[in-house]
Amino acid sequence: MTFELQYNDTKSNARAGLITTDHGVIETPIFMPVGTQGTVKGVHMTELKEDTKAQIILGNTYHLYLRPGIQILEQAGGLHKFNTWDRPILTDSGGFQVFSLSDNRKLHEEGAEFRSHLDGSKHMFTPEKVMDIERSIGADIIMAFDECCPGDADYNYAKQSLGLTERWLDRCFARFNSTEPKYGYRQSLFPIVQGCVYTDLRQRAAENVARKGADGNAIGGLAVGEPTDKMYEMIEVVNDILPKDKPRYLMGVGTPINLLEGIERGIDMFDCIMPTRNGRNGQLFTRFGTINMRNKKWENDFSPVDPDGHSYVDTLYSKAYLHHLIKAKEMLGLQIASIHNLAFYLWLVKEARAHIIAGDFTTWKSGMVRQLANRL
C-alpha cells in the first residue's frame, strides 16, 4: 500500500491524498461504510459502488470469525470473493467487540478469552491468532489486536492497558512479518494508538507506533465515553507525532461534525456505524441539519426526501412516504434512510477534499458545521 500526500490546507492540518492498494485507489479524506458481518446493513454492493460511491468498506474480525467462520471464508477465496466487493476492504481486529463483552471475557498477557455472544462458546484471541484470522479474511488493510480502553478509565488502568496493547503490537508485527497473504495480493498492517485521554500516554503510544514504520496508523479509544473536546485534543496530540507521509485513521468516529473536525486536525480515514444505525432509527443527516423522519410533521410532506441529496433515493421518494415506511417498520424505509445517510457522508468527505484542494477548506468547514448542527 502507498500513500501520496497531494494537498495541504494552509490554514489547518487538513490534507488530501491518495491511498493505492491492490484493489484500487482511495481518495482521502474518506469515510468507510461499516460492513461488520461482510455486509453493509440493508445496502446492496451495487448501491454502495454506483450510488453512494463508496471506495472502501469494513469487515470485522470478531463477527466474521464467529460467523460464517474462517473455513468458509478461505473456501470462498477471502472476503472480497465471498461478498463480491472488488474494491479495498479494511478489517478491525475485533478488539473493540471483545472488550465490549466485559461480563464475558477475561484478559491475560497471552490474549483475551471470551464467550461468543451467539451461543456462549469459549474462544481465545491472541495477537498471533488475530493476525492469522485477518490473513484468512484477506482485507487490504488489517488492524493490530489491542485493548480498547474505556474513555472514563483512570490513569493507572489506562497505563496498564497501553502497556498490554504495546506488547501485543510487537507480537502482531512479528506474526504478520513471518506470514504471507493467502490470496495473491498484498495486505498492510496498521498499529493503533491508545492511551485514553491522558496526554503523556497518547504521546508515548504515538511515538511507539511511529517507530514501527507501518503503511498507515490508526487512532483508537476515542468516542468511547470521553468528552468531545478531549477527543479533539487527543487527535491533535497524536497527529503532532504520527508520520505526515502515512495515512491516519480515526476509528469509530462519528457524526458529520466529528468528521469535519477530524479532517481539520489531519485525519484521513474514518468509519462509523452511525449512518446506517441512525438511519434504521429514522434519522437522516443532510447538509442543512438532521431530520427525524418519525416526527408527525412529515406525515403529509410530499417533497423529496432530500432535494439536495446525492442518492437516487433522495428524489425518487417523498418525505411522507419515508415517514410512513419507518412508522410501519417496513424494511424499505430502513434501506432508504441508510442509503441516503451513506451517500451524504461520502459526499461530505468528497466535498471536504474539494475545498482542501481549492484552498478554502476552513471557511467552508465553519459554515458547514453551523448548518449540520441544525435540527429540521
Distance, nearest 0.5 Å, that separates NZ of K122 from OG of S116: 13.5 Å
So, applying side chain to side chain donor-acceptor pair (under 3.5 Å) with D86, which one of K81, K49, H80 is it? K49
Under a single-linkage definition using a 4.5 Å side-chain heavy-atom cutoff for Ile, Leu, Val, Met, Phe, Trp and Tyr, are V25 and M1 assigned to the same hydrophobic cluster? no
Looking at K129, I want to see if its NZ is surrounded by more than 12 non-hydrogen atoms of other residues, nucleotides or ligands under 6.0 Å. yes
State, yes or no, whether a side-chain contact exists between T179 and M131 at a heavy-atom distance under 4.5 Å. no
Between R15 and D268 (salt bridge meaning N to carboxylate O under 4.0 Å), is one present in this structure? yes
Does the side chain of Q187 come under 3.5 Å of the side chain of R135 through a donor N or O and an acceptor N or O? yes
Cut-off 3.5 Å, side chains only: do N60 and Q37 have a donor facing an acceptor? no
Of all pairs that satisfy ring-ring contact (aromatic ring centres under 6.0 Å, His included), the ones with a partner from residues 273-303, not counting sequence neighbours: F285-Y345
Side chains of H340 and S338: is there a donor and an acceptor less than 3.5 Å apart? no
Residues N292 and Q283: side-chain donor-acceptor under 3.5 angstrom: no
Salt bridge R175-E128, side-chain N to carboxylate O under 4.0 Å: no
Residue pair D51 / S311, side-chain donor-acceptor N/O under 3.5 Å: yes
Look at the rings of Y65 and F114 and say which category their plane angle falls in: under 30° parallel, 30 to 60° tilted, over 60° perpendicular. perpendicular
Would you call R204-E207 a salt bridge at under 4.0 Å N-O? no
Quick one: CG on L260 to CD1 on I267, what's the gap to the nearest 0.5 Å? 13.0 Å
More than 12 non-hydrogen atoms from neighbouring residues, nucleotides or ligands closer than 6.0 Å to NZ on K182, yes or no? yes
Within a strict 4.5 Å, meaning less than it, do heavy atoms of the L342 and T276 side chains meet? yes
Is there a side-chain contact between L242 and K246, using heavy atoms and a 4.5 Å cut-off? no
Under 3.5 Å, is there a donor on one side chain and an acceptor on the other for S12 and D9? yes
Any pair with a residue in residues 188-212 that passes ring-ring contact (aromatic ring centres under 6.0 Å, His included), sequence neighbours left out, goes on the list, sorted by first then second residue, please. Y155-Y198
Test item: side-chain donor near acceptor, D146 and T165, under 3.5 Å: no
Could you tell me whether R353 sits above the aromatic face of Y7, with NZ or CZ closer than 6.0 angstrom to the six-membered ring centre and within 45 degrees of the axis? no
Same apolar cluster: I241 and F3, side chain cutoff 4.5 Å: no
K319 and E299 ion-paired at < 4.0 Å: no
Is the closest side-chain donor-acceptor distance between Y62 and D92 under 3.5 Å? no
At their closest point, which heavy atom of L73 faces which heavy atom of S136, and how far apart are they? CB-O, 4.5 Å
Residue R186 excluded, over 12 heavy atoms near CZ under 6.0 Å: no
Would the number of heavy atoms belonging to other residues, nucleotides or ligands and lying under 6.0 Å from NE2 of H44 be above 12? no
Under 6.0 Å between ring centres, would you say that holds for H23 and Y185? yes
Salt-bridge contact K365-E261 (side-chain N to carboxylate O under 4.0 Å): yes
Under the salt bridge (charged side-chain N to carboxylate O under 4.0 Å, His left out) test, residues paired with E109 that sit two or more places apart: R167
NZ/NE/NH1/NH2 to OD/OE distance under 4.0 Å, K212 and D170: yes
Side chains of T91 and E134 only: does a donor on one sit below 3.5 Å from an acceptor on the other? yes
